[in-house]
K.L.:
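My questions will all concern the structure given below.
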Amino acid sequence: MAGGVGSRFWPMSTAERPKQFIDVLGVGKTLLQLTVERFETICAPENVWVVTNKNYVDIVREQLPDMPVSNILCEPCRRNTAPCIAYVSWRIKSKDPKANIVVTPSDHIVTNTVEFRRVVSGCLKFTGESDAIVTLGMKPTRPETGYGYIQADLSTSTLRNKEIFRVDSFREKPDLDTAKAYISKNNYFWNAGIFIWNVSTIVNAFRVYQPTMAKIFESLMDIYNTDKEQEEIDRLFPECESISVDYAIMEKAEEIFVCPADFGWSDLGTWGSLHEQTKQGLNGNSCIGQDINLFETHNCIIHTTQEKKVVIQGLDGYIVAENDDTLLICKLSEEQRIKQFSGQDK
């Protein structure tokens, strides 16, 4: 899923080039490219699909030049994750009615790719042998209020996979006290928005819980992979309700399971989360750039990949980031006001 328009990493990311299309980590690859790369041993290249907004199709082609053009699906408008997932599910079903599917956002990071591949491969085997829907639950490391949570029944694992358990409930993003209560227990996990299922399972779930949406994509079965597909999607996709897959399917379906995992995941929703996920020096600074020199500076995130030399003195708890002709210097504690400072909220 690569249709998001998030610009939380301004000035690097903008509405014209959201964070999934930029090199947030300073490793020479964008988050989208890193996402595709981590599936290399799981999924054949010709079986990787990207669903994106019509405004970003050219960027996807540029960043994934080896991907078949027909595997880049174009949403004419934003309708949240349920219509996105429904579209690609029926599209894949038209090609392979027995396909096993992993759905993942394109703007997250995973630091332990080996463990990620092990977990996902095990879940794919499980969904290939059952009608289960599996979501990955990240083991929480702090009382995070920016994530939804999954409450698992850890009393008994499934017979086919000892790492997979039934979901008791999905919980909305909590306040701080509630988040602290969650992580004091061992059966609450962050909802990473990564789903694994067989194509027949998810299509049937849409038919049961979102019949109106299902009829739209079912009606196009004879049109997928023809010259008329985009025209019909442009016409019918806007009729879909704007709803997340969590509300549309996950909170209603019965055969829902969670696989608790720990592979260094982050949704990189803030500069603060990037600071936490990247390597920090003795003074708590994370530096992404070629020649960054810090003096009497602590607990900062510096992202200056376009500068030849950067010298900073006397900052504590700041974001320093540049892109093209724009420089941001902002307290980490005030980053929620970046849009206000920059005029991005207009």
Side-chain angles (χ1 to χ4, degrees), residues 1-4 20-21 23 27-76 81 83-110 113-129 133-134 136 192-204 206 217-218 220-234 237 245 263:
M1 298 184 290
Q20 63 265 32
F21 302 122
D23 180 9
V27 295
K29 297 177 182 179
T30 67
L31 293 177
L32 172 64
Q33 291 169 325
L34 290 172
T35 300
V36 172
E37 187 178 86
R38 77 177 64 112
F39 281 93
E40 281 183 351
T41 62
I42 296 174
C43 185
E46 63 270 21
N47 291 337
V48 177
W49 299 74
V50 174
V51 187
T52 192
N53 185 276
K54 62 180 180 179
N55 297 323
Y56 307 139
V57 170
D58 289 342
I59 301 177
V60 174
R61 289 179 178 177
E62 169 195 328
Q63 295 191 359
L64 302 175
D66 296 331
M67 171 170 285
V69 174
S70 60
N71 285 22
I72 303 173
L73 304 188
C74 175
E75 299 175 323
T81 55
C84 163
I85 290 171
Y87 177 20
V88 72
S89 297
W90 260 273
R91 182 69 170 78
I92 291 172
K93 183 176 185 291
S94 71
K95 183 178 180 181
D96 181 0
K98 296 182 179 180
N100 237 351
I101 298 176
V102 184
V103 176
T104 180
S106 60
D107 57 356
H108 296 181
I109 67 166
V110 167
T113 303
V114 173
E115 177 65 5
F116 172 85
R117 290 169 175 168
R118 186 193 70 80
V119 169
V120 170
S121 296
C123 291
L124 281 168
K125 186 176 187 299
F126 181 78
T127 57
E129 299 171 346
I133 291 175
V134 176
L136 300 188
I194 302 173
F195 309 109
I196 302 165
W197 44 49
N198 189 273
V199 67
S200 60
T201 300
I202 190 60
V203 163
N204 287 335
F206 271 101
F217 296 104
E218 188 75 40
L220 302 177
M221 282 299 286
D222 294 333
I223 294 175
Y224 292 128
N225 202 30
T226 71
D227 293 339
K228 294 183 179 180
E229 178 179 343
Q230 192 61 57
E231 178 184 347
E232 289 302 296
I233 287 294
D234 289 348
F237 195 89
V245 73
F263 40 68

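Owing to the predicted nature of the structure, the values given are computational and were not obtained by experimental measurement. If you read the sequence from its start, that first residue is 1, and numbering goes on from there.
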K.L.:
With the side chain counted from C-beta on, respond yes when Trp90 and Leu220 share a heavy-atom pair under 4.5 Å apart, and no when they do not.
P.N.:
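Contact flag for Trp90/Leu220 side chains = no.
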K.L.:
Of all residues at least two apart in sequence or in a different chain, which pass the salt bridge (charged side-chain N to carboxylate O under 4.0 Å, His left out) check with Lys228?
P.N.:
none
K.L.:
Test your reading of the model: is there a side-chain donor-acceptor pair from Asn204 to the backbone of Ser200, 3.5 Å cut-off?
P.N.:
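At least one qualifying donor-acceptor pair exists.
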K.L.:
For Lys125, I'd like to know if atom NZ has over 12 heavy atoms of other residues, nucleotides or ligands within 6.0 Å.
P.N.:
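It does not: Lys125 NZ has 12 such atoms or fewer within range.
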K.L.:
Enter the distance from Asp23:CG to Leu31:CG here, rounded to the nearest 0.5 Å.
P.N.:
8.0 Å
K.L.:
Can you name the nearest heavy-atom pair linking Trp197 to Ile133, along with the distance?
P.N.:
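Reported closest heavy-atom pair: CE3-CG2, 3.5 Å.
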K.L.:
Does Gly3 offer a backbone N or O that forms a donor-acceptor pair with the side chain of Asn53 under 3.5 Å?
P.N.:
no
K.L.:
Say you draw a straight line from OG of Ser89 to CH2 of Trp49; how long is it, rounded to the nearest 0.5 Å?
P.N.:
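The CH2 atom of Trp49 is 11.0 Å from OG of Ser89, to the nearest 0.5 Å.
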K.L.:
How many angstroms lie between atom CD of Glu75 and atom CZ of Phe237, to the nearest 0.5 angstrom?
P.N.:
4.0 Å
K.L.:
Identify the two heavy atoms, one from Ala192 and one from Pro105, that lie closest to each other, and give their separation to 0.1 Å.
P.N.:
O-CG, 4.2 Å
K.L.:
Rounded to the nearest 0.5 Å, how far does CG of Asn47 lie from CG of Asn100?
P.N.:
11.5 Å
K.L.:
Report yes if some heavy atom in the side chain of Ile42 is under 4.5 Å from a heavy atom in the side chain of Leu124; otherwise report no.
P.N.:
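SC-SC contact between Ile42 and Leu124 confirmed.
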K.L.:
Quick check: do Val102 and Ile194 have side-chain heavy atoms less than 4.5 Å from each other?
P.N.:
yes
K.L.:
Any heavy-atom pair between the side chains of Leu136 and Ile196 that's under 4.5 Å?
P.N.:
yes
K.L.:
Does the Asn198 side chain pair with the main chain of Thr127, one donor and one acceptor, at a distance under 3.5 Å?
P.N.:
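No, because the side chain of Asn198 does not come within donor-acceptor range (under 3.5 Å) of the backbone of Thr127.
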K.L.:
Looking only at heavy atoms, what is the nearest atom pair of Thr35 and Ser106, with distance?
P.N.:
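Where Thr35 meets Ser106 most closely, the heavy atoms are OG1-O, 3.2 Å.
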K.L.:
When you compare the side chain of Phe217 with that of Lys93, does any pair of heavy atoms fall below 4.5 Å?
P.N.:
no
K.L.:
Between Thr52 and Cys74, is there a donor-acceptor pair closer than 3.5 Å when you use the side chain of the first and the backbone of the second?
P.N.:
no
K.L.:
How close do Ser94 and Tyr224 get, heavy atom to heavy atom, and via which atoms?
P.N.:
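Smallest heavy-atom distance, with atoms named: OG-CB, 3.7 Å.
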K.L.:
Compare every heavy atom of Thr30 with every heavy atom of Phe21, then report the nearest pair and how far apart it is.
P.N.:
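That closest heavy-atom pairing would be O-CG2, 3.4 Å.
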K.L.:
With salt bridge (Lys or Arg N to Asp or Glu O under 4.0 Å) as the rule and sequence neighbours excluded, what pairs involving residues 33-58 come up?
P.N.:
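Qualifying pairs: Lys29-Glu37.
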K.L.:
Please tell me whether Asn225 and Glu229 have a donor and an acceptor in their side chains that are separated by less than 3.5 angstrom.
P.N.:
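The criterion, which ignores hydrogens and geometry beyond distance, is not satisfied for Glu229 and Asn225.
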K.L.:
For Val50 and Asn71: C-alpha separation, side-chain torsions, deciding distance, then whether side-chain contact (heavy atoms from CB on, under 4.5 Å) applies.
P.N.:
CA-CA 6 Å; Val50 174; Asn71 285 22; over 6 Å; no
K.L.:
Distance from Ile72 atom CD1 to Leu64 atom CG, nearest 0.5 Å?
P.N.:
6.5 Å
K.L.:
Compute the centroid of each ring, for Phe39 and then for Phe116, and state whether the two points are separated by less than 6.0 Å.
P.N.:
yes
K.L.:
With a 4.5 Å limit on heavy-atom distance, are the side chains of Thr104 and Met1 in contact?
P.N.:
no
K.L.:
Is any side-chain heavy atom of Asp96 less than 4.5 Å from a side-chain heavy atom of Val199?
P.N.:
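A side-chain contact under 4.5 Å is absent here.
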K.L.:
Out of curiosity, Asp107 CG to Leu34 CG, how far, rounded to the nearest 0.5 Å?
P.N.:
12.0 Å
K.L.:
If you take all heavy atoms of Asp222 and Thr226, which pair is closest and at what distance?
P.N.:
O-CG2, 4.0 Å
K.L.:
When you measure from the side chain of Gln20 to the backbone N and O of Ala2, does any donor-acceptor pair fall under 3.5 Å?
P.N.:
yes
K.L.:
Does Gln63 reach the main-chain N or O of Gln33 with its side chain, forming a donor-acceptor pair under 3.5 Å?
P.N.:
no
K.L.:
Mind checking salt bridge (charged side-chain N to carboxylate O under 4.0 Å, His left out) for Arg118 and listing every partner two or more places apart, or none if nothing turns up?
P.N.:
Glu115, Glu163
